[in-house]
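Have a look at the structure below before the remarks.
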Number of protein chains: 2
Amino acid sequence: MALREEILEVSKDILIQDGFSKMSMRRIARRANVTATSIYLYFENKDDLLLALIEESINDLKSALQEVVVPGKDFIQQLEDMAKAYIRFALEHPKEYEIIYMVRPEEMPKYPREKFNEVRSAYELLAGIISRGKEQNLIEVDDPLISAYTIWAQIHGVVSVIINKRLDTRIQREKFTEQAVDHIIKGFIIQKTPA
Amino acid sequence: MALREEILEVSKDILIQDGFSKMSMRRIARRANVTATSIYLYFENKDDLLLALIEESINDLKSALQEVVVPGKDFIQQLEDMAKAYIRFALEHPKEYEIIYMVRPEEMPKYPREKFNEVRSAYELLAGIISRGKEQNLIEVDDPLISAYTIWAQIHGVVSVIINKRLDTRIQREKFTEQAVDHIIKGFIIQKTPA
DNA sequence: GCTGTTTACTTAACAGTGTTAACCTTTGTT
DNA sequence: AACAAAGGTTAACACTGTTAAGTAAACAGC
C-alpha cells in the first residue's frame, strides 16, 4: 500500500522536473526502487496512473480556491479573488495544472464518471458563489452551474495560452491576466446598455 | 518534393482518424509507401513534422475566420460572428484544432519565432476589428492586441473544455457556447455601471 | 508442523517507438 | 567517363507500454 503513494509521488516529481515525455513506467519504477511491472499491481495502466495524478492535482487546485472563499465578502471581490487565485495556482504550479487538462481524449475516450463527481465539487464551489450573487440581484444568470463553467472555461483559456507559451512576446503577462480577469467579470455583472 | 506533401497529408489523416498516439513515424511511412527514415529527408524530427501540421491547421483556422469578416458590418455583430466562426471551426474539426494547441512545451521549449509571425497575423485580424471599434468609441481598450489575445484566450478556453470532454454532462453544449460568447462580448462593450 | 493460498514482487518477452549511421541506386552535371 | 547529388534503403540502438509466467515470503486452517 505504501508503494502506491510512492509511485504517485515519484511520478509527479518526474513530471515536474523532467517533463511529461520522460515520465515512463520504467523511469518511475527505477526511482521507486522496483520494476516497471510492479506499477501494474496498483494501477491498471499508465492512463490509470495519470488519472490518479489528475485527481491529486484537482484537489490541490480545489484547496487553493477554497482558501480565498470568505463567506461575508463582497460578491464581485469574491469572484475576482477566486479568478486570481486560480491563475496564481496555475502559473505557480504549471506542470501540476497541466496534468489536469493534459490527458488527450483519444487515449481516454470518456472521462470516468466517478472522477467527474470529484471535479464537480470544485465547479460547485464557484456555482455557489454565483448563486449568492443571483439572490442579491447583482447578476442575471440563467443557471449558476453553466455560469460557473463559463467563467472557469474563460480563465482556463487565459492560463492555457500562457502555459503553452502562445502569448505574444510583446505582451506583458501581468497586464494580460489583469485585463482578462477584468473582462471576464465585467461580462457577468448586470449593466444597463447605454441609451 | 511531392513526398513532403504526401507525408503531411497522411499524418493529418492518421491524426484525425486514429488519434495522436497512433501517429508514429513508421505508420506514416507505411501509409505513404516509404520507410520511416525517408521522413527525415523532409523533416528534422517528429516535432518538426508536428510544427508543419500546426502551421497548416492555423492557416485553415485563419481562413475560416477571414470568411466572416465583412468590412462594413456592425462592430458587435462582427465580433460575435467571428467568435462563433472560431467555435464552429474548432468543434467541426476538433482534431485539427487540437493540433494547434497540442504540442507540449517540454518537447518544444520555444515556439519558433518564424512560426509565431505566421500565427500573429491571425491575431491581428481580430486586433484590426477591435481597433475599428475603438475608433468608433464603441469599446474602451488600452491595446487592441492585448484585447485580441484576451478574447482569443477566452474563446479557446471554451472550446478547449468541450474538446477535452470536461464539460458537465448536464450542461447543453450549445447553451454553453451561446452564453460564453455573450459574456465574452459583454465584457468588452462599454457600459455604464448601474447608478 | 505441514499444507494451501494469498501477497508482493520479479524475469523474460512482445511488439512497438524515435532516431542515427551507413549503404545503395538513380539522376544530373561537368 | 567521372563525380556528385538526390532520394531513397537496411540495420541497429536504446528506449517505450504491457503481458504471461515464475518466485519467494507471509499467513491460514487443520
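In what follows, chains are A, B, ... by sequence order, proteins preceding strands, each numbered from 1.
Where A:Asn33 and B:Asn45 meet DNA chain C, the nucleotide closest to each residue was compared, and A:Asn33 sits on the side nearer the 5' end. Mapping B:Leu41 and A:Ala36 onto DNA chain D by nearest heavy atom places B:Leu41 at the nucleotide closer to the 5' end.
With hydrogens and angles disregarded, no donor-acceptor distance shorter than 3.5 Å links the side chain of A:Lys95 to the backbone of A:Ile14.
Ring-centre distance between B:Phe75 and B:Phe188: not below the 6.0 Å cut-off. Ring to ring, A:Phe89 and A:Tyr97 are not that close: their centroids are 6.0 angstrom or more apart.
Separating the NZ atom of A:Lys46 from the P atom of C:dG16 is a distance of 18 Å, rounded to the nearest angstrom. Counting to the nearest Å, the C1' atom of D:dG7 and the CD atom of B:Glu6 are 15 Å from each other. Computed from coordinates, the A:Glu5 CD to C:dA8 C1' distance equals 16 Å when rounded to whole Å. Summarising the geometry, the separation between CZ on B:Arg30 and C1' on D:dG8 is reported as 18 Å, rounded to the nearest angstrom. In this structure, CG of A:Asp48 is placed 10 Å from P of D:dT18, rounded to the nearest angstrom. With rounding to whole Å, A:Arg27 atom CZ is found 13 Å from D:dA14 atom C1'. Rounded to an integer number of Å, the gap from A:Ile14 CD1 to D:dG17 P is 10 Å. Nucleotide C:dT17 holds its P atom 9 Å from the NZ atom of B:Lys22, rounded to whole Å.
Residue side chain B:Arg26 reaches the base of C:dG18 through a donor-acceptor N/O pair under 3.5 Å, judged by distance alone.
Look at A:Glu124 and B:Arg170 and you find a salt bridge, because one of the NZ, NE, NH1 or NH2 atoms lies within 4.0 Å of a carboxylate O, short of that distance.
Considering only the side chain of A:Tyr40, D:dT18 comes nearest among D:dT18, C:dT10, D:dG7. Nearest to the side-chain atoms of B:Ser24 among the listed nucleotides C:dG18, C:dC9, D:dA11 stands C:dG18. Relative to the side chain of B:Leu3, the nucleotides D:dT19, C:dG18, D:dG8 differ in distance, and D:dG8 lies closest. Distances from the side chain of B:Thr37 to the nucleotides D:dA11, D:dG7, C:dC9 place D:dA11 closest.
B:Gln78 and B:Asp74 share no donor-acceptor pair across their side chains, judged by distance under 3.5 Å alone.
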